[in-house]
Amino acid sequence: MTTVHAQSSTVLVVDDDADSRTWTRVGLQQAGYAVREATTAAQALESIAACPPDLLILDVMLPDMDGFALTRQLRQDAALATLPIILVTVLDDPASMVQGLEAGANDFLTKPLESSELLARVRTLLRLKRNQEELLAERNRTALLYRVSRELSADLDLDSVLARVLELTIGCLQASRGSIILLDEQGAVLRHIYSYQGQVAKVGDAVSAGVVQKGLAGWVIEHGEPVILPDACRDGRWLAVGQSSYVTRSVMAVPLLHPDRVVGVLTLTHEEQDHFGAADVDLLSSIAAQAAVALVNARLFEVVTAEKAWSEAILAGTADVIVATDRERRVTLLNPAAERAFGASFADAVGWPLQEALPNAGLVELFRQAEQAGPTPSAELVLPDGRVLFGTVSAVAAGPHADGGWVAVMHDITHLKQLDRMKNEFVSTVSHDLRTPLATIHGFADVLGHMVDGEAREYAQRIQAHTMRMAALVDELLDLGKIESGVEAVQVPCRLEELVAEAVEAASFQAQSRGVAVQAAVPRLSRTVHGNPLRLRQVLDNLLGNALKYTPAGGSVTVQAWEREDRVLVTVQDSGIGIPPEALPRVFEKFYRVPGAGTSQAPGTGLGLAIVKAIVEQHGGQVWAESQPGKGSTFGFFLPWQYQP
Ligand code: ADP
């Protein structure tokens, strides 16, 4: 930027009196100032417009306008705000002096002028002007930095951040052209943006490898330091690329550093030599530091936006139905599959309580259960169009809703349900048809056993034993079919603690003969459950039967129950052989028996726990199992309390 040196300062002397002008000019020239002259106010204005002087000595009495009026007119031009004006008059009159100072003059002298006094005043005013200009430049720099930081923090779009940085710095440092090259983590050029003074920045073509490797940008990237080329034509680092009519003489380039990596290079050029100074580099480096942070933020934002779009595409593309809520169970997300399943739109549902936005009783209940401590709830939901979904609700720890929330993921299992139904129908028809021939075989084997002795009688007894096992299997299959079809509508208030006591009593003989201690620690419960007492007994019998079957002599079995606000929990705990972790999730499957000696020695069909699960779920509850191989197992279920209005 321009610096005013005393020796090269230009003084414009405006006076219609030739002697007075000459006298003043000679004195100033002897002191090393350049002097221009004008005789009228009009001439003075013309001379100032052509090239503003560094100081003005103005006679008050001009032929076309008085010096006060001219001073006032000059002060209206912001560009001349710092131009020192000395008014000169023949009258040593305080009133004129006041008038002159009020018009905007900096000093007031009376003729005849004393040479040494005039020079002293000129020197002082020029020094003041210099200081004022430096202060002004400093203020402009601070204002620019403030503006840059405000604009940069207001935008997260990478291209507009780059464009703003360029436009502001070109304008402030009066460069003719500027460019920003942005690099990725591997040092390859990510973006190239350029702009000419007064124009909107544009995204440029690919930057040639030479510029980034051997050119000035390459030098800045390698050294991580700013550089000024006073004359680019004499510096080999400046590679003139392409055929541009624009001549580059001065160049200034600074690195964009974050935190210690060069993320880009900001370059400004000018067609005159020596345009940029040390103060400009400092300013540009400060801007570059802020720009680097903004660019890294913009880049992060770009990455995050891309990742968000990617997650949204997955959510939109998946056939699974996904519904999320915040902690207060207000809807925060519905994917398109959920919109279709529940016939609701995300835009209408977001922010509304789940039960109002998606009034599906099963779904609401699933979310309600998720809030209770315990295993992750899952359930089948029936949609209005008849489709069946299998859903699980889990807690979400993080997200836009600081305290997390819940998310339900549901798969369409309609076709599985249909297959299951068909299989059940098939099994129940076949089992039914097997019963009669089995009974016949059993009967004849019995008769035969009475008719023969020895080995033949033993064979007949074996036939009988096996037909009894087959009959038990058929009975269990039929049972399961009945339970799953939900045809048994016996629904009465049941006292669970009484059913437990009966089951323990019934199992005591088997327990005694196996040498296993059975005990129940069930308090009198405050409420009843609603259901089929025979089936609930069957649940307890099966769990107790298994606990006894899989617990060696000397072990123990304990039945316990706990009351919760909305449900009752029952567990059957044994100190038996336990279940390996890989088998645990499968024990409720039909016909599944844990492989190994412990199981194969015990009689069983692999249907007992499937029956338990079906009965508990028919009653609105859930089952679970925990086990430590060699230490024992705990089977538990919960049932909702009977509804009390
Ligand atoms: P099963 O008729 O074979 O007992 P279930 O459906 O009742 O069939 O049980 C399935 C399998 O789970 C059993 O074969 C057994 O391997 C395992 N199991 C069930 N209960 C227990 C238990 N209390 N301790 C150890 N294993 C058990």
Side-chain angles (χ1 to χ4, degrees), residues 375 420 423-424 427 431 465-484 500 503-504 506-508 510-521 534-561 569-618 621-638:
D420 204 40
K423 191 194 71 195
N424 287 345
V427 167
S431 336
H466 282 277
T467 50
M468 273 170 72
R469 268 195 67 193
M470 278 180 79
L473 179 65
V474 168
D475 284 347
E476 285 193 340
L477 276 174
L478 283 171
D479 242 10
L480 198 56
K482 262 191 260 166
I483 296 161
E484 284 181 340
V500 169
V504 169
S508 61
Q510 191 193 351
Q512 229 169 10
S513 62
R514 292 188 56 87
V516 176
V518 179
Q519 53 163 343
L534 291 179
R535 289 296 182 204
L536 293 179
R537 248 304 288 280
Q538 198 175 355
V539 167
L540 293 162
D541 288 345
N542 279 1
L543 292 180
L544 268 169
N546 278 351
L548 292 173
K549 231 175 8 175
Y550 301 110
T551 301
S556 65
V557 173
T558 312
V559 189
Q560 283 172 284
L569 308 176
V570 179
T571 58
V572 178
Q573 190 177 9
D574 65 53
S575 61
I577 58 172
I579 301 165
E582 65 280 6
L584 200 59
R586 301 196 56 192
V587 290
F588 292 102
E589 283 176 21
K590 286 170 199 161
F591 300 111
Y592 182 78
R593 304 196 76 207
V594 177
T599 299
S600 57
Q601 280 160 12
T605 58
L607 280 174
L609 288 179
I611 291 174
V612 167
K613 180 169 185 274
I615 296 173
V616 170
E617 287 180 357
Q618 282 291 333
Q622 265 180 30
V623 286
W624 70 91
E626 292 161 358
S627 186
Q628 270 190 294
K631 296 227 166 114
S633 313
T634 303
F635 282 82
F637 64 90
F638 75 77

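Positions are given from 1 along the sequence. Order of appearance sets the numbers: ligands from 1, and atoms from 1 within every ligand. These numbers come from the heavy atoms of this one structure, side chains and all, not from hydrogens, waters or symmetry mates.
Rounding to the nearest 0.5 Å gives a distance of 9.0 Å between CD of Gln628 and OG1 of Thr634. Distance check, rounded to the nearest 0.5 Å: CZ of Arg593 to OG1 of Thr605 gives 7.5 Å. Between atom CD of residue Gln573 and atom OG1 of residue Thr551 there is a gap of 10.5 Å, rounded to the nearest 0.5 Å. Within the model, atoms CG of Leu584 and CD1 of Ile579 stand 5.5 Å from one another, a figure rounded to the nearest 0.5 Å. With rounding to the nearest 0.5 Å, the separation of CG in Leu540 from CZ in Phe637 is 4.5 Å. Taking CG of Asp479 as the reference point, atom CG of Leu607 lies at 9.5 Å (rounded to 0.5 Å).
Of the protein's non-hydrogen atoms, Tyr550 CB, 3.5 Å is the one closest to atom 25 (C) of ligand 1. Among all protein heavy atoms, the one lying closest to atom 16 (O) of ligand 1 is Thr599 OG1, 2.8 Å. Closest protein heavy atom to atom 19 (C) of ligand 1: Asn546 ND2, 3.6 Å. At the top of the distance list for atom 11 (C) of ligand 1, counting protein heavy atoms only, stands Tyr592 O, 3.7 Å. At the shortest separation from atom 8 (O) of ligand 1 among protein heavy atoms lies Gly606 CA, 3.2 Å. Protein heavy atom closest to atom 26 (N) of ligand 1, with residue, atom name and distance, is Ile579 CG1, 3.4 Å. Scanning the protein heavy atoms around atom 23 (N) of ligand 1, the nearest turns out to be Asp574 OD2, 2.8 Å.
A distance-only check finds a donor-acceptor pair linking the side chain of Arg514 to the backbone of Leu548 [under 3.5 Å]. In terms of modelled atom types and a separation under 3.5 Å, the side chain of Asp574 and the main chain of Ser633 share a donor-acceptor contact. The backbone N or O of Gly578 lies less than 3.5 Å from no partner atom in the side chain of Ser627, so there is not a single donor-acceptor pair.
Near Thr605, meaning under 4.0 Å from any of its heavy atoms, are these atoms of ligand 1: 2 (O). The Val587 neighbourhood of ligand 1 comprises atoms 10 (C), 12 (O), with distances under 4.0 Å to a heavy atom of that residue. The Gly608 neighbourhood of ligand 1 comprises atoms 5 (P), 6 (O), 7 (O), with distances under 4.0 Å to a heavy atom of that residue. For ligand 1, the atoms sitting less than 4.0 Å from at least one non-hydrogen atom of Ser633 are 24 (N), 25 (C), numbered in the order shown with element in parentheses. Atom numbering of ligand 1 starts at 1 in the shown order; those under 4.0 Å from a heavy atom of Lys549 are 1 (P), 2 (O), 4 (O). Residue Gly604 approaches ligand 1 through these ligand atoms, each under 4.0 Å from one of its heavy atoms: 2 (O). Atoms of ligand 1 found under 4.0 Å from any heavy atom of Ala547, numbered from 1 in the order shown, are 23 (N).
Between Trp624 and Phe638, the ring planes are tilted. Angles from 30° to 60° get that label.
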Passes side-chain contact (heavy atoms from CB on, under 4.5 Å), Tyr550 versus Val594? Steps please. CA-CA 11 Å; Tyr550 301 110; Val594 177; over 6 Å; no
Step by step, would you call Phe635 with Asn546 a side-chain contact (heavy atoms from CB on, under 4.5 Å)? CA-CA 10 Å; Phe635 282 82; Asn546 278 351; 5.7 Å; no
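Residue Val594 places at least one N or O, backbone or side chain, under 3.5 Å from an N or O of ligand 1. Between Ala610 and ligand 1, a contact under 3.5 Å exists for no N or O pair. Checking only distances, Arg593 does come within under 3.5 Å of ligand 1, N or O to N or O.
The closest approach between any non-hydrogen atom of Gly576 and ligand 1 is not below 4.0 Å. Ligand 1 lies nowhere less than 4.0 angstrom from a heavy atom belonging to Phe588. Taking 4.0 Å as the cut-off, Gly578 counts as a neighbour of ligand 1 on heavy-atom distance.
Residue Val516 comes nearest to Pro552 through the heavy atom pair CG2-O, 3.7 Å, listed as atom of the first residue, atom of the second, then distance.
Across the listed options Leu609, Leu584, Val612, Leu609 owns the non-hydrogen atom lying nearest to atom 9 (O) of ligand 1.
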